[in-house]
There are 4 protein chains.
Amino acid sequence: MTKPDKRDEIVRAALELIAEYGFHGAPMAMIADRAGVGAGTIYRYFENKDVLITELYREVEEKLYAVLLEGYATEKPFRERFLHLGTALLRYFIQNPLHFRYLEQFHNSPYGVAFRRDKILGKKGECDVFRELFEDGISQQVMKDLPLPVLFALAFGPLLTVARDHILSFISLDDALIARIVDACWDGIRR
Amino acid sequence: MTKPDKRDEIVRAALELIAEYGFHGAPMAMIADRAGVGAGTIYRYFENKDVLITELYREVEEKLYAVLLEGYATEKPFRERFLHLGTALLRYFIQNPLHFRYLEQFHNSPYGVAFRRDKILGKKGECDVFRELFEDGISQQVMKDLPLPVLFALAFGPLLTVARDHILSFISLDDALIARIVDACWDGIRR
Amino acid sequence: MTKPDKRDEIVRAALELIAEYGFHGAPMAMIADRAGVGAGTIYRYFENKDVLITELYREVEEKLYAVLLEGYATEKPFRERFLHLGTALLRYFIQNPLHFRYLEQFHNSPYGVAFRRDKILGKKGECDVFRELFEDGISQQVMKDLPLPVLFALAFGPLLTVARDHILSFISLDDALIARIVDACWDGIRR
Amino acid sequence: MTKPDKRDEIVRAALELIAEYGFHGAPMAMIADRAGVGAGTIYRYFENKDVLITELYREVEEKLYAVLLEGYATEKPFRERFLHLGTALLRYFIQNPLHFRYLEQFHNSPYGVAFRRDKILGKKGECDVFRELFEDGISQQVMKDLPLPVLFALAFGPLLTVARDHILSFISLDDALIARIVDACWDGIRR
DNA sequence: TATGAATGAGTCTTCATTCAT
DNA sequence: CATGAATGAAGACTCATTCAT
């Protein structure tokens, strides 16, 4: 019942435009226009463009994590948990290309570095699922004994790459292919 | 004694600044400044900023390919060839972080998409080594039977990710770790 | 009490500066300055400098035609109508030297050629008075049987020249002299 | 036998380019290029662009006057002398459109005003033919008793206008039409 | 609270002119 | 004498941000 208030419209417009044109290709005036609000209005909800960008990132990430955790069962065996996460991740990106593009833009920008640092160094709680899972995997000796960031890279690097290729129409992913890809990632990290 | 002529200085400055601040964070005036030349001088060597960016990309890519092909022997067994390329790639990026950052910036920009498309669709000749190698691998049934872009993703996605993590000091790679990482990538693509 | 809104100020400033210094001698920043607005403000009203120039031309031309048609009576004899138009034209330019200079600048520029062509070829409706009058004059055999553009030249060429000379203070026109000049033009075109 | 030395080439190139593109559309580098000389070379012959432009004007004017005076006989009757000058003027412009365009560009620019002033106020000797002729005409009471500049305007204003129209292909002048036009100008100034 | 007109610092690019070779 | 690479001031235009209404 939350009437799609102005803030939501702004966030939606920013997501669409930045995903399509990048940070520098999406001026505040254009975002305001697309959101159907005045240019000044954005500044009632976000201190400045940087804050809008960062905040939008948080929201996108939050939605992503929510979906990843849907049906995620800590008690299931390690491999199954990994496949769940990998598959869910790839599917989410394919179904939400704007979110994927936005995250990509974000990570590949000055904004992204600070976030990555925090995440790797363990400040954020949200991606703990991944950390827990992987630390679990290491200690159970199911996974290769490599530094956590390396395992992340082996597991998710390929997924992000194929997601991008799919969104850019270089390849076309279906459920079967997704499963095989995640399986291949598993081969990369398992002992 | 090779006098570092202006063009070289411009290219060097552009590489440094764009790698660090991105395309939009590196104004022509700043590049000129860092290169120790007048603002107008850049335009004697490059028609405009876009041309500078694209040209610089070509040069970086060329150097990279040259290094990759050093000691690359077509007659060696498939696995060995893959390990050679993967290792060389990762090493190159670690030793030339500016090049890595620049390529990343480039690929993650309007400029990059056209290039990616050409490469995927097979126009460029230089990355044929990769294509040949992988098509070889598929036909010899050493590699998983997956679309070429997917195999590329499995093989190089993790390498790019760890390269970035290393450059951002999130991890520290040495020769031993590099070898293990490339090995893990091999696990991802091999049958 | 009509608040001189920004657009008006910009138009006025542009007219003054371009009339005095020409298109290339009147930078946008200078126009903005003279108009008492910020540099960017001009672009809220005119897409770019070309549009400003063209639009300003239209406004000047419109005012001129309005004055020319004041008291112009189609039913009066040909000679009288010609004298009315010639006199009004010359008076208008003398009273609005900026307009005269601006029109001159405009016609003597890439912008102007297209306009002239359209006018000669008969696209524009506003100068139909002239065309109608002259075609009338030809068919009534009051005027020399010469091509229309030639008659225009004979009739208005001298008027524009003396207008310029007056504005540059090379001569000083009063009503008596104006009448004699227009009369002389009449001698040039009449049979 | 004067080998077409660099200076001549520069003057020729400047004439062509400025006639076609205007002062601001013809950069020094472009002129140098067209002249087949180095950019710096122009400055050996002309102190700066303004001097080049002014000097070029002088040369064009000089050639024009030379042609006008060819066959001009002071002893002939007034009307004949006028027709000679008018016809020669119009013919010259039609045969040398670049010269015409250049003179037009020049007069319609800051450069031109000073020159006009000098000429009207009688400093220059070259156009004395015109002055003498017209003063003659006035004192003989063949011409209307109007200020000299006005007579100039009546006599030559139309000629310049039709010359431009011809060069822009709005009309097409032949010898017969030229004669009739000059005759019409005569009607404008004669008593 | 919402607006959107106004701002001006910052961007890319051009071009007349200089000067070392 | 001739060159043309180098310069940097100047110009058109953009856009994040502010503030009067």
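Letters A, B, ... are given to chains in the order of the sequence lines, protein chains preceding strands, and every chain is numbered from 1.
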Any chance you could measure C:Thr54, atom OG1, to C:Glu59, atom CD, to the nearest 0.5 Å?
11.5 Å
Is it true that C:Arg58 and C:Glu55 have a side-chain N and a carboxylate O under 4.0 angstrom from each other?
yes
Is there side-chain contact between D:Tyr57 and D:His107, with at least one heavy-atom pair below 4.5 Å?
yes
Which residues in residues 24-35 of chain A have a heavy atom closer than 4.0 Å to any atom of DNA chain F?
A:Pro27, A:Met28
Rounded to the Å, how far apart are B:Ile53 CD1 and E:dC12 C1'?
12 Å
Which residue pairs pass the salt bridge (charged side-chain N to carboxylate O under 4.0 Å, His left out) test with at least one member in residues 103-114 of chain D, sequence neighbours excluded?
D:Glu104-D:Arg164
Give each stem of DNA chain E as a range with a range, requiring at least 3 consecutive Watson-Crick or G-U wobble pairs whose two distances are under 3.5 Å.
E:2-21 with F:2-21
Anything under 3.5 Å between a donor and an acceptor, one on a side chain of residues 20-46 of chain B, the other on a protein residue two or more places apart or in another chain? List them.
residue, atom, partner, partner atom, Å
B:Arg34, NH1, B:Glu16, OE1, 2.4
B:Thr41, OG1, B:Gly38, O, 3.4

Interface with DNA chain F, restricted to residues 41-52 of chain C and to heavy atoms under 4.0 Å:
C:Tyr43, C:Asn48, C:Lys49
For the student: nearest non-hydrogen atoms of A:Leu160 and A:Phe100, plus distance:
O-CZ, 3.4 Å
Residues in side chain to side chain contact (heavy atoms under 4.5 Å, CB included) with C:Leu15, at least two apart?
C:Leu56, C:Val60, C:Leu98, C:His99, C:Tyr102
D:Asp8 and its side chain to side chain contact (heavy atoms under 4.5 Å, CB included) partner, picked from D:Ile10, D:Val11, D:Asp5:
D:Asp5
Chain B contact limits on DNA chain F, taken 5' to 3' with a cut-off of 4.0 angstrom to heavy atoms
F:dG4 to F:dG8
Apply side chain to side chain contact (heavy atoms under 4.5 Å, CB included) to A:Leu64 and list each qualifying residue two or more places apart in sequence or on a separate chain.
A:Leu68, A:Leu89, A:Tyr92, A:Phe93, A:Leu103
Applying salt bridge (charged side-chain N to carboxylate O under 4.0 Å, His left out) to B:Glu47 and not counting sequence neighbours gives none
CG (C:Asn108) and OG (D:Ser109) are apart, to the nearest 0.5 Å, by 9.0 Å
Listed by chain and number, what are the side-chain hydrogen bond (donor to acceptor under 3.5 Å, both in side chains) partners of C:Asp50, not counting sequence neighbours?
C:Tyr111
